> 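This is the structure, below, for whatever I ask next.
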Amino acid sequence: MSSAIADIVSADALDFAADGAFDVINPATGEVFAQAPQIGDKALDLVFATAQDAFQSWRRDEGVRRAALRAAADAVEKRAGELVPVLTAEQGKPLNDALEEIGAAAAWLRYYAELEVPREVIQDDAVAYQEVVRKPLGVVAAITPWNFPLALASWKIAPALRAGNTVVLKPSPFTPLATLALGQVLREVLPDGVLSVVTGRDPLGAAMVAHPVPRKVSFTGSTATGKKVAASAADDLKRVTLELGGNDPAIILPDVDVAAIAQDLFWSAYRNNGQVCLAVKRVYAHESIHAELVDALATIAATIKVDDGVVAGAQLGPINNRPQFARVSELVTDALGRGARAVTGGAPLDRPGYFYAPTILDHVDDGIRIVDEEQFGPVLPVMSYRDEADALARANRTNYGLTASIWSGDAERALALATEVDSGQVTINSHGAGVRPNLPFGGHKWSGLGVENGPWGLYGFTELQVLAGPPRRK
Ligand code: NAD
């Protein structure tokens with residue numbers, strides 16, 4: 001274990017006594033390279049009690065909170081160089097991508113520091129005074145996945161703290177270290193108890209949701225786990241925001257310039273090795289351009305440098321963890337067994353670690369697992385369709401509804417079709433352009449409940465209260 005990581009997980013750096021430790025694997029080698037603290041029930045009680053105490057003063061002064069979030073953004077930017085190698089070592093993404101993710105975390109903290117939240121005075125005249133105020137909920141349990149541990153943590157920490165809540169944050173057991181390091185960086189600029197990071201295997205997440213202290217659970221992860229979170233939180237009516245899986249379609253109209261869109265479309269599917277909730281996961285290309293598009297995507301895929309994220313020039317790293325690597329392999333094998341053709345890729349790379357060749361699948365259709373399920377990896381099935389009604393029906397036929405995109409030479413035409421797609425975002429001639437601190441992000445159907453980002457995301461960490469009374473003295 002490097003000395004930097006030993007510092008991150010040392011007893012001095014933690015707010016609580018750990019109940020043992022669990023292994024952390026570098027996906028580029030498949031080897032254990034560190035251990036992270038496993039938090040038990042008693043420590044969790046203590047952390048929640050501390051967060052509850054801290055809430056009593058943190059909720060009172062918005063100016064203090066905004067200044068602290070500004071300082072938090074500065075600190076993350078200043079210490080990005082320390083966070084980058086930790087994130088790459090446990091997550092697998094290339095160093096540049098890790099730096100970009102940390103930049104996003106800082107940007108989200110800064111956005112919420114600067115966001116103006118106007119007072120909502122409904123009536124203030126000679127007859128009456130009425131105001132709607134947004135009160136923080138209390139302690140928030142924040143639970144994150146392994147694909148963007150720091151960026152997705154900031155989507156929760158920034159609005160929750162800005163609204164006046166305190167936060168207990170749990171990263172995925174596959175990527176605990178960068179989040180622990182982020183916690184250390186942020187605690188230097190935040191009052192005690194306002195943010196705690198706890199690490200442990202999956203049951204720790206369940207224990208947080210079932211715990212009596214938190215009043216809100218903000219969860220990002222799979223749909224299967226999200227349903228369990230919703231059921232458990234219902235017991236004491238905790239508020240929940242769920243950001244869940246997606247099976248995001250890209251519809252390619254016949255009038256596109258294939259050569260002009262191929263790079264953007266490729267990276268919309270393969271960024272972070274396809275381990276992005278809103279990655280393009282199914283392509284529906286009009287039959288007149290389908291073959292040309294398959295060729296263009298396969299040509300790009302074949303040139304991608306896949307390597308350990310620390311190697312200069314690596315464009316994609318390994319898949320993050322063994323179960324996900326096994327799942328991607330299984331879905332491709334299943335598709336190939338059902339008549340799909342891997343135009344490029346189609347198998348793991350012959351080396352240690354969880355490396356998989358970027359794969360473009362042709363001769364695929366709805367009804368096979370790689371199309372119907374969320375693959376969350378470097379594999380893209382490219383289907384063909386006959387007319388727009390067919391493409392829309394197929395785009396909408398899954399239980400997911402996170403994001404979608406429509407690609408066309410006629411942006412107005414594409415925009416008109418976009419309203420027919422049932423998902424939280426539909427972008428034209430790009431995919432995911434709607435992921436901004438100031439735009440709501442959330443899924444329809446099984447892709448989620450509630451939204452993150454923008455003022456809407458902040459409102460999700462509040463409860464409304466009406467203050468009504470006689471006219472105020474002017
Ligand atoms: P996961 O559901 O397995 O785990 C997510 C988190 O939940 C982890 O921290 C895990 O330890 C914790 N957890 C596990 N069981 C729990 C339980 N019973 N109660 C509470 N917490 C529990 O998901 P993952 O494999 O880490 O992440 C990949 C999934 O996340 C994909 O489906 C992806 O689409 C989704 N995702 C969604 C978004 C979004 O914004 N919609 C963003 C990123 C990832």
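In what follows, residues are counted from 1 in the order of the sequence shown. Each ligand, and each atom within it, is numbered from 1 in the order the structure gives. Note that the structure is predicted; figures quoted are calculated from it, not measured.
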> Got a donor-acceptor contact below 3.5 angstrom from the Glu420 side chain to the Leu392 backbone?
no

> Show the atoms of ligand 1 that are less than 4.0 angstrom away from any heavy atom in Leu152.
42 (C), 43 (C)

> List ligand 1 atoms under 4.0 Å from Pro145, heavy atoms only on the residue side.
24 (P), 26 (O), 27 (O), 43 (C), 44 (C)

> Identify the closest protein heavy atom to atom 41 (N) of ligand 1: which residue and atom is it, and at what distance?
Leu244 O, 2.7 Å

> Should Phe219 be listed as contacting ligand 1, given a heavy-atom distance under 4.0 Å as the test?
yes

> Within a distance under 4.0 Å of any heavy atom of Lys170, pick out the atoms of ligand 1 and give their elements.
8 (C), 9 (O), 10 (C), 11 (O)

> Out of all atoms in ligand 1, which are within 4.0 Å of some heavy atom of Thr144? Include the element for each.
6 (C), 8 (C), 9 (O)

> Under the 3.5 angstrom rule, does the side chain of Arg239 hit a backbone N or O of Arg215 as a donor-acceptor pair?
no

> In the protein, what heavy atom is nearest to atom 21 (N) of ligand 1, and what distance, to one decimal place, separates them?
Gly205 CA, 3.5 Å

> Report the C-alpha separation of Asp45 and His211 in whole Å, then their side-chain angles, then the decisive distance to 0.1 Å, and conclude whether the side chain to side chain donor-acceptor pair (under 3.5 Å) test is met.
CA-CA 8 Å; Asp45 286 346; His211 200 278; 2.8 Å; yes

> Check whether more than 12 heavy atoms from other residues, nucleotides or ligands sit under 6.0 Å from atom CG of Asp192, and answer yes or no.
no

> Run the contact test for Ser172 against ligand 1 with a 4.0 Å cut-off on heavy atoms, strictly below, and give the result.
yes

> If the cut-off is 4.0 Å to any non-hydrogen atom of Pro173, which atoms of ligand 1 fall inside it?
11 (O)

> Asp248 side chain to Thr403 main-chain N or O, any donor-acceptor pair under 3.5 Å?
yes

> Looking only at distances, please establish whether an N/O atom of ligand 1 is found under 3.5 Å from an N/O atom of Ser222.
yes

> What atoms in ligand 1 come closer than 4.0 Å to a heavy atom of Thr225?
1 (P), 2 (O), 3 (O), 13 (N), 14 (C), 15 (N), 16 (C), 17 (C), 22 (C)

> Give a yes or no on whether Asn399 atom CG has more than 12 heavy-atom contacts from other residues, nucleotides or ligands under 6.0 Å away.
yes

> Can you tell me if Arg351 has over 12 outside heavy atoms packed within less than 6.0 Å of its CZ?
yes

> In the protein, which heavy atom is nearest to atom 39 (C) of ligand 1, and how far is it?
Cys277 SG, 3.3 Å

> Out of curiosity, Ser423 OG to Tyr400 OH, how far, rounded to the nearest 0.5 Å?
14.5 Å

> Please list, in number order, the atoms of ligand 1 under 4.0 Å from a heavy atom of Val229.
19 (N), 20 (C)

> Give me the atom names and distance for the closest heavy-atom approach of Val76 to Leu109.
CG2-CD1, 3.9 Å

> Within a distance under 4.0 Å of any heavy atom of Leu402, pick out the atoms of ligand 1 and give their elements.
41 (N)

> So which heavy atom in the protein is nearest atom 32 (O) of ligand 1, and how far is it from that ligand atom?
Glu374 OE1, 2.7 Å

> Heavy-atom count check: over 12 atoms from other residues, nucleotides or ligands less than 6.0 Å from Arg338 CZ?
no

> Could you find the nearest protein heavy atom to atom 35 (C) of ligand 1 and give me its residue, atom name and distance?
Gly221 O, 3.1 Å

> Starting from atom 10 (C) of ligand 1, find the nearest protein heavy-atom neighbour and note its residue, name and distance.
Asp202 OD1, 3.3 Å

> State if Pro171 counts as touching ligand 1 under the rule of any non-hydrogen atom under 4.0 Å.
yes

> Strictly under 4.0 Å, does any heavy atom of Phe441 approach an atom of ligand 1?
yes

> When you measure from atom 44 (C) of ligand 1 to every protein heavy atom, which one gives the shortest distance, and what is it?
Asn147 ND2, 3.5 Å

> Evaluate Trp146 for polar contact with ligand 1, using N/O atom pairs at a separation under 3.5 Å.
yes

> Say whether Lys238 and Ser232, considering side chains only, have a donor N or O and an acceptor N or O under 3.5 Å apart.
no

> On the 0 to 90° scale, with breaks at 30° and 60°, tag the Trp108-Trp155 ring pair as parallel, tilted or perpendicular.
parallel

> Which label fits Phe376 and Trp146: parallel for a plane angle under 30°, tilted from 30 to 60°, or perpendicular past 60°?
perpendicular

> Looking only at protein heavy atoms, identify the closest one to atom 18 (N) of ligand 1 and say how far it is in Å.
Ala206 CB, 3.8 Å

> Decide whether Lys281 and Asn247 meet the rule of one side-chain donor and one side-chain acceptor closer than 3.5 Å.
no

> Checking contacts here: is it the side chain or the backbone of Ile143 that comes within 4.0 Å of ligand 1, counting heavy atoms only? Could be both or neither.
side chain

